[in-house]
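One is the number of the first residue; the rest follow in order along the sequence. Whatever order the structure lists ligands and atoms in, that order sets their numbers, starting from 1.
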Amino acid sequence: MGNQTFAIIKPDAVSKGYTGKIYDRIIQAGFNILSAKLLKLNNDQAKGFYSVHRERPFFNDLINFMTSGPCMVLVLNKPNAVRAWRETIGATNPDEAEENTIRKDFASNVQENAVHGSDSDENAEKEIAFFFTDSELLTNQ
Ligand code: IDP
Ligand code: MG
């Protein structure tokens with residue numbers, strides 16, 4: 001299992017002022033932040049990032065949501081990072097998320113669900129490379 005995963009603090013959470021609280025959760029859960037930046041996705045970035053979902057009925061809404069305002073993209077480091085971060089964020093639908101998970105505490109609904117987490121080491125690597133160059137990671141500085 002790899003030690004890195006990719007996270008997004010999504011536009012709903014940034015606009016509601018939850019960035020700091022979610023950073024606290026990241027640190028309390030034992031992750032090191034290897035890189036982070038605040039950016040506003042454009043249409044091409046959002047469609048490229050979520051291309052696996054392009055046939056899903058919620059795709060257009062998802063792209064509109066993800067481009068609606070600034071989001072924070074991060075690279076997180078911890079042993080078994082992908083699984084550990086998915087456990088920290090909870091289920092996609094906050095109604096199904098466990099107590100004390102980020103989505104349970106900060107998500108509005110199944111779409112505006114506060115955070116993203118990679119679902120495999122392979123996708124973590126791809127998603128990190130989508131937003132960061134190697135030299136932007138602390139491990140390479
Ligand atoms: P994940 O973020 O937990 O990995 P995915 O199934 O990969 O969940 O879906 C990607 C994103 O698409 C979700 O985080 C959420 O923002 C949105 N999404 C997923 N399922 C639905 C849905 O049924 N309705 C609306 N939006 C959805
Ligand atoms: Mg996913």
Side-chain angles (χ1 to χ4, degrees), residues 1-140:
M1 295 289 266
N3 294 334
Q4 293 183 8
T5 193
F6 174 74
I8 306 179
I9 303 175
K10 294 185 180 183
D12 59 320
V14 172
S15 71
K16 289 176 177 164
Y18 293 152
T19 302
K21 289 185 162 72
I22 293 173
Y23 262 67
D24 282 345
R25 299 292 184 97
I26 291 169
I27 291 159
Q28 278 164 20
F31 293 93
N32 291 312
I33 296 171
L34 298 183
S35 204
K37 51 192 171 190
L38 186 64
L39 48 82
K40 190 162 182 275
L41 298 185
N42 63 35
N43 239 43
D44 287 346
Q45 283 173 307
K47 285 182 175 166
F49 183 75
Y50 277 123
S51 62
V52 63
H53 294 306
R54 63 189 170 277
E55 307 296 342
R56 306 284 284 277
F58 58 79
F59 184 69
N60 285 340
D61 283 347
L62 177 62
I63 300 312
N64 287 337
F65 161 54
M66 289 301 294
T67 56
S68 66
C71 63
M72 194 90 212
V73 294
L74 306 103
V75 181
L76 304 181
N77 171 261
K78 186 180 171 170
N80 299 331
V82 165
R83 185 191 297 179
W85 179 238
R86 294 291 306 202
E87 285 174 7
T88 304
I89 69 179
T92 307
N93 185 341
D95 292 340
E96 294 162 12
E98 304 225 359
E99 294 297 317
N100 301 316
T101 59
I102 291 173
R103 282 169 165 168
K104 180 75 174 182
D105 292 342
F106 301 112
S108 305
N109 54 55
V110 68
Q111 177 178 270
E112 302 198 355
N113 59 0
V115 282
H116 168 82
S118 306
D119 62 8
S120 65
D121 287 345
E122 191 191 349
N123 283 336
E125 199 176 324
K126 283 187 197 158
E127 291 172 2
I128 290 167
F130 193 91
F131 286 106
F132 294 94
T133 61
D134 283 348
S135 63
E136 287 179 305
L137 305 192
L138 275 182
T139 36
N140 298 319

message = On a heavy-atom basis, which atom in Ala124 and which in Thr5 lie closest, and how many Å separate them?
response = CB-CA, 4.0 Å

inquiry  = Nearest 0.5 Å, please: how far is NE2 in His116 from CE in Met72?
reply    = 15.0 Å

task = For the residue pair Glu136 and Ser35, confirm or rule out a side-chain donor-acceptor distance under 3.5 Å.
result = no

message = Using the ring centroid of each side chain, check whether Phe6 and Phe49 are separated by less than 6.0 Å.
response = yes

ask   = Between the side chain of Asn77 and the main-chain N/O of Asn3, is any donor-acceptor distance below 3.5 Å?
value = yes

request  = Answer yes or no: is there a donor N or O on one side and an acceptor on the other, between the side chain of Lys21 and the main chain of Phe106, under 3.5 Å?
outcome  = no

ask   = Under a 4.0 Å heavy-atom cut-off, which residues neighbour ligand 1?
value = Lys10, Tyr50, His53, Phe58, Leu62, Arg86, Thr92, Arg103, Val110, Gln111, Asn113

